Structure formats: structure tokens, C-alpha cells
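Here's a structure for you.
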Amino acid sequence: MKAIRIHAFGGPEQMQLDEVPRPVPAADEILVKVYATSVNPADYIIRQGGNEILRPYLKLPLGLGLDAAGIVEETGSEVRDFKKGDRVYGVPNFPGDGSYAEYLTAKASQFVLMPRNISFIEAGSLPSCALTAWNGIVDLGKVQTGQRVLIHGAAGGVGSLAVQFAKAMGAYVIGTASPHNFDFLKEHGADEAIDYNKQSFDDLHGKIDVVFNASPVRDHAARLKSADVLKEGGIFVCTQLDSPFAEELTTALASKNARAAHVGVGLAYASNLSGTTQLIEAGKVKAVVSKIYPLQQAADAHRESETKHVRGKIVLKIRDEN
Ligand SMILES: NC(=O)c1ccc[n+]([C@@H]2O[C@H](COP(=O)([O-])OP(=O)(O)OC[C@H]3O[C@@H](n4cnc5c(N)ncnc54)[C@H](OP(=O)(O)O)[C@@H]3O)[C@@H](O)[C@H]2O)c1
């Protein structure tokens with residue numbers, strides 16, 4: 001079978017389409033025939049050699065890719081939750097051997113049944129971003145009806161789902177993006193859009209219950225402005241995992257009894273996709289796929305993702321649906 005792997009850390013030119021043996025599932029694993037995967041910032045961060053959290057886990061040669069949507073081809077002897085032919089999606093083996101591959105094995109617990117009303121391309125775009133956005137908006141942010149939520153990076157993979165989740169929870173949603181994405185944000189449920197390059201956040205001082213930072217750019221000034229817009233007792237949830245938060249930020253938050261949190265809790269559990277599955281099946285949330293590349297062109301997909309201006313997701317198609 002074919003898989004995109006790296007044999008050395010570095011740029012997109014390190015990505016090779018290798019011929020590798022089809023894996024065999026262990027007792028608690030499933031073999032998935034993969035139809036689609038997608039590109040996440042973690043993929044190019046891993047390709048470059050990882051960050052302080054990921055580096056110890058990365059062993060070469062390494063298969064890339066977080067997300068997978070496909071069909072269960074075989075089940076291990078202890079697997080009870082799936083049968084051959086089930087359509088599943090999840091985040092297998094992170095941060096180990098990845099999903100840019102024609103087949104993969106992973107623990108059955110890392111997959112759930114796909115929403116019944118979407119394609120593999122749509123399902124392959126969702127798992128890691130949906131887990132992250134759900135963790136930020138629902139688990140940590142605890143967004144409630146009538147609350148005001150500010151989402152940085154609202155047009156991206158995580159942000160475009162966070163906007164829809166916050167709207168589905170009944171919030172008033174404000175998203176930041178470049179102006180060409182304002183209509184897109186409003187079509188997906190944002191009540192207001194702010195150009196992060198030009199507009200200050202002065203009008204929002206003390207008016208926001210939850211700030212969800214889903215920007216791929218670490219920006220200290222934007223974090224301080226986030227503290228400023230929060231209400232007493234509000235929360236700043238951050239997808240960027242640099243830790244600890246700067247003292248200037250924690251002091252600003254403490255002055256109004258607000259706090260900061262990193263996404264993370266529950267991210268590893270595919271069962272946390274159940275809320276996403278329900279909202280998609282109810283027609284309240286849609287996958288946002290802006291571009292599809294064939295697996296062989298994964299390096300070009302990485303180059304595009306590294307511009308940090310992708311709208312929604314880039315999907316890698318591994319095989320045709322029919
Ligand atoms: N994907 C995951 O599974 C996952 C999991 C955990 C954590 N994270 C982290 O979450 C963050 C977002 O990930 P992602 O997959 O959503 O990234 P992404 O899709 O690559 O983000 C692209 C978006 O970021 C926006 N953007 C670029 N510069 C910005 C800035 N200075 N301020 C605000 N927005 C800006 C762009 O908006 P415009 O084009 O409109 O300018 C674009 O829509 C990353 O730090 C990532 O490491 C991601």
C-alpha cells in the first residue's frame with residue numbers, strides 16, 4: 001500500500017510516497033481502508049521536527065497525518081464496537097504513524113461512526129479540528145445561550161467549527177478574519193466579523209464571556225486584548241500550546257477574576273466527537289472543505305496550509321468514494 005512518509009525532518013520536499021506493507025490489526029485494533037484525511041498545522045510542525053511537546057514521540061521514518069475517514073476492513077479479536085463495512089472517522093495513533101495512507105491500524109477507541117449524511121471527504125476534514133473546537137467552546141468555555149463569544153482565527157479549520165458550535169449553543173458570535181472572509185463567517189453563523197489586522201477591540205471592552213483563540217499565529221498583543229475584552233469571571237481558551245502563559249496575561253486576567261486555559265482535556269477520545277456527529281446529522285453544523293488534493297500531492301497541500309490563510313480545511317483524497 002502507499003503512504004506519505006518522511007525519512008528526515010524538514011520542508012515539504014521531505015514527503016515521499018512510499019510503498020509499505022499493509023498493517024495487521026492487534027486484538028484491540030481495527031484496520032481502516034482510508035478514503036480521506038486532511039492537513040492540520042500539527043502535520044507540518046511534525047514534518048519540521050516537532051515542538052517541545054511532540055519532539056520526544058517522533059521516530060523516523062514517520063507517516064504523517066492526524067485525521068482519517070474510511071471503512072472498517074477488519075477487526076481485532078477483542079473489538080466489539082465495530083464490524084467490517086462500518087464508516088468511521090477519528091484521529092488514529094497521534095503523534096505516531098499517521099493517516100496519509102491507503103490503510104491504517106489503530107485502537108478501535110480512536111474511531112467512532114461517521115455522521116450518516118456526509119461524504120468521506122467531509123468526514124476526513126473534521127476529527128481533530130472538531131475535537132479541538134468542541135473542547136474549547138463546550139468543555140472549557142461552557143458556552144451558554146445568550147453569551148458573547150469572540151473567536152480569533154474564525155475562518156480556519158478549528159475556527160470555522162468553533163463559530164458553528166458557539167452558534168449552536170445559542171451564543172452571540174464575533175469572529176476575527178481578513179475582510180474577504182467576512183461573508184463566509186456570517187454564512188456560518190457569526191453575528192459580527194472583525195479584521196484582526198486593522199480594527200482594535202476597544203468597543204468590546206468588558207463585554208465578552210469567552211474568548212477562543214483559534215489563530216495559528218502566536219500573538220502576545222492579541223492575547224492581552226483578549227484579556228481586556230473579557231467580562232469579570234470570563235475565560236480565555238487557547239489552542240496554541242506554548243506554556244505557561246505570560247505573566248502579563250495571567251495578571252490582566254486575574255485582575256477581573258478571569259482565567260486562561262489550553263485546549264487538551266478529552267482531545268484524545270474519539271467519543272468526544274459524538275456532539276459533532278449529532279449537530280452535523282441535525283444539519284446545524286457543516287464541514288468546510290475549501291480544496292481537495294490527491295494523496296500524491298500532499299506536499300503541495302502542506303505548502304498551501306503553511307500560508308496560514310486556508311479557509312476551513314484542505315482535504316487529501318486517498319481513493320474514490322464509489
Ligand atoms: N487542527 C487541529 O487539530 C488543532 C488541534 C490543536 C490545536 N491546534 C492549533 O489551533 C490553531 C488553529 O489551527 P487551524 O487548523 O484552525 O489552523 P488554520 O486552519 O491553518 O488557520 C488558518 C486561519 O487562520 C487565520 N489567521 C491567520 N493569521 C491570523 C492572525 N494573525 N490572527 C487571526 N487569525 C489569523 C486565517 O484567516 P484569514 O485567512 O481570514 O486571514 C485562516 O483562516 C493552530 O495554532 C493549531 O496548532 C489545531
Side-chain angles (χ1 to χ4, degrees), residues 37-48 50-54 64-68 89-92 94-95 98-99 124-137 139-140 150-165 174-186 188 190 193-201 211-223 225-226 237-243 261-268 270 272-273 276 287-291 301-315:
T37 175
S38 76
V39 181
N40 289 289
D43 297 336
Y44 58 76
I45 292 168
I46 288 172
R47 193 202 68 223
Q48 291 159 352
N51 54 26
E52 52 281 6
I53 300 169
L54 296 171
L64 296 175
L66 269 66
D67 295 316
Y89 71 151
V91 182
F94 178 74
S99 57
S125 77
L126 284 166
S128 60
C129 284
L131 286 169
T132 306
W134 190 270
N135 189 231
I137 296 295
D139 300 333
L140 296 166
L150 172 65
I151 298 170
H152 295 298
V158 175
S160 59
L161 289 171
V163 167
Q164 297 182 75
F165 291 160
I174 305 166
T176 76
S178 300
H180 69 273
N181 277 324
F182 283 6
D183 287 346
F184 164 79
L185 289 193
K186 289 180 181 167
H188 286 80
I194 292 178
D195 178 352
Y196 56 83
N197 279 313
K198 294 221 174 91
Q199 291 170 30
S200 73
F201 296 84
V211 177
F212 182 54
N213 182 10
S215 163
V217 177
R218 293 181 184 184
D219 181 342
H220 181 62
R223 291 184 189 187
K225 286 182 193 167
S226 301
V237 182
C238 192
T239 58
Q240 301 148 7
L241 300 182
D242 51 313
S243 183
H262 286 110
V263 294
V265 179
L267 278 186
N272 288 346
L273 281 170
T276 302
V288 180
V289 177
S290 61
K291 201 155 180 184
H302 270 218
R303 288 184 186 97
E304 186 166 342
S305 182
E306 283 179 85
T307 65
K308 299 186 168 73
H309 287 290
V310 171
R311 178 190 280 181
K313 297 293 294 181
I314 295 176
V315 168

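Whatever order the structure lists them in is the order used to number ligands and atoms, beginning at 1. All figures in this text were calculated on a predicted structure; none of them were measured in a lab.
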Next item on the list: From the options Pro179, Gly153, Pro216, Gly175, select the one whose nearest heavy atom is closest to atom 21 (O) of ligand 1.
Entry: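 The nearest heavy atom belongs to Pro216.
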Item checked: Numbered atoms of ligand 1 (with element) below 4.0 Å of Val310, judged on heavy atoms ->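 What qualifies from ligand 1 is 22 (C), 23 (C), 42 (C), 43 (O).
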Checklist line | side-chain contact (heavy atoms from CB on, under 4.5 Å) between Asp67 and Leu126, intermediate numbers included | finding: CA-CA 7 Å; Asp67 295 316; Leu126 284 166; over 6 Å; no
Notebook entry, point to check: Which ligand 1 atoms are under 4.0 Å away from a heavy-atom of Gln240?
Noted result: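 With Gln240 as reference, the close atoms of ligand 1 come out as 45 (O).
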Next item on the list: Report the member of Val158, Asn213, Leu131, Asp242 with the shortest heavy-atom distance to atom 16 (O) of ligand 1.
Entry: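 The residue whose heavy atom sits nearest atom 16 (O) of ligand 1 is Val158.
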Margin query: With heavy-atom distances below 4.0 Å as the criterion, list the atoms of ligand 1 near Cys129.
Written below: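 Counting from 1, the qualifying ligand atoms are 1 (N), 3 (O).
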Check: Under 4.0 Å from any heavy atom of Ala155, which atoms of ligand 1 are there?
Finding: 43 (O)
Next item on the list: Determine whether the side chain, the backbone, both or neither of Asp219 has a heavy atom under 4.0 Å from any heavy atom of ligand 1.
Entry: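 Contact part for Asp219 vs ligand 1: neither.
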Next item on the list: May I ask you to identify, for His152, whether its side chain, its backbone, both or neither come under 4.0 Å of ligand 1 on a heavy-atom basis?
Entry: neither
Notebook entry, point to check: In terms of atom number and element, which parts of ligand 1 are under 4.0 angstrom from non-hydrogen atoms of Ala214?
Noted result: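 Checking each atom against Ala214, I get 11 (C), 12 (C).
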Item checked: N-O pairing of Asp242 and Arg223 below 4.0 Å -> yes
Notebook entry, point to check: Is there a donor-acceptor pair closer than 3.5 Å between any side-chain N or O of Glu306 and the backbone N or O of Tyr44?
Noted result: no
Margin query: Quick check on contacts: which atoms of ligand 1 are under 4.0 angstrom from a heavy atom of Gly157?
Written below: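 Selected atoms, number and element: 16 (O), 19 (O).
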Notebook entry, point to check: Counting only heavy atoms not in Asp195, do more than 12 sit closer than 6.0 Å to its CG atom?
Noted result: yes
